[in-house]
Amino acid sequence: MFAQTYGATTLGINGALVTVEVDIANGLPGLDIVGLPDTAVKESRERVRAAIKNTGFEFPVRRITVNLAPADMKKDGSGLDLPIAIGILAASGQISPADCSRHALIGELSLEGKLRGIAGILPMAFSVAETGRTAVFVAPDNAQEALFGGLTVYAPETLREVVLHLRGEAVLPPVEKAPTAAAATAEDDLAEIQGQPVAKRALEIAAAGGHNMLMVGPPGSGKTMLARRLPSILPRLSEQEAVEVTKIYSIAGLLKANTGLVAVRPFRSPHHTVSDAGMIGGGRLPKPGEITLSHHGVLFLDELPEFPRQVLEVLRQPMEDGEVTISRVNASLSYPAKFMMIAAMNPCPCGFYGDPSQQCTCSPGDLRRYMKRISGPLLERIGHTRKSLVYGKVG
Ligand SMILES: [Zn+2]
């Protein structure tokens, strides 16, 4: 017996429809999943088996083959549990195969058969809509995000509810759009800052031209406070930009419930202990890094010389290209990364070089070593060369 269902996965910041084909044949009982599944998809075998049994359905004691198409596309995440489970139930005659191939199904299953939300629903919902499907089943946690795709959304709590709906025995109501919180505006406004006319002017010029900027000043002179307020003077996100940023936050699992599209330009301020993968993205289960989370917004690097050199070096290429490419075993994927970089540093290790009120206690050697820690090519992206870097003071 054969059945076909539809699920989705993410590719970079976009979603892609996955066709789940299930064949049940005589032979040694077992469940095989083929078609470039990653570890999370392979683990789905055990979750699907337990979920089907624990919701009162029959797990066929025959040879089950699940093929995820297209076969040359790497599938990641646990969101394919639901279409695999429904496919098995259809191929074993517990649901009519014709009833289960009209919708997309996206969700992770718990062992007891509950549906769990996953990251990246927004781009997946868009890809489902683009391929002409009109409805999607997702976990309740993901329901509001899925509505952005313009689809009819069903949000069952359990696998059992999905089956009863598909059989027409207990029809689920479509999810309605929750009232969204008023469109957020940048919380911190540059206008709140008293004084600092030079630093404010520099920020305005940087904002107007989308320039990167390096602020040099003693500790406590307000560098962070100023940088944090930069998004308040940047132009509003266009609709297209807002969709891109929201997709990124959806994939990173950072989208807050019921807030609508992200309306404020991102401001990211990674600590200097951030790893390469944390900065540019990647990892075993690839996630967007800080530079992608800053897309269309601001990446603030406080205490620039404290960042390990190689972390600053990996920033160079993405800053030129506006995107970052991450190589993986079976494919490479790219994330957008167009951001304004604002860096801040003390003028010297003690922080008081050039300060009229307090004496700098650093030796010339200390100063040289301090400046050497920042990469020359990175400074060129900001518009300085190390030689011509002028010590200025914020405050
Ligand atoms: Zn000093």
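We count residues from 1, following the sequence as given. Counting starts at 1 for both ligands and their atoms, in listed order. Computed from heavy atoms alone, side chains included, the values below leave out hydrogens, waters and symmetry copies.
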### Query
Can S250 and E145 be counted as having a side-chain donor-acceptor contact under 3.5 angstrom?
yes

### Task
Tell me the protein N, O or S atoms under 2.8 Å from the Zn ion (ligand 1), in chain and number order.
C348 SG, C350 SG, C360 SG, C362 SG

### Query
About how many Å separate CZ of R265 and CZ of F339, when rounded to the nearest 0.5 Å?
14.5 Å

### Query
Does atom NZ of K200 have more than 12 heavy-atom neighbours, drawn from other residues, nucleotides or ligands, at distances under 6.0 Å?
yes

### Summary
For I106, the hydrophobic cluster (side chain heavy atoms closer than 4.5 Å, chained through members) also holds Y6, L17, I118, I121, M124, V128, V136, V138, L147, L151, V153, V175

### Message
Heavy-atom count check: over 12 atoms from other residues, nucleotides or ligands less than 6.0 Å from E176 CD?
### Response
no

### Query
Do the side-chain N and O atoms of Q240 and S238 include a donor-acceptor pair separated by under 3.5 angstrom?
no

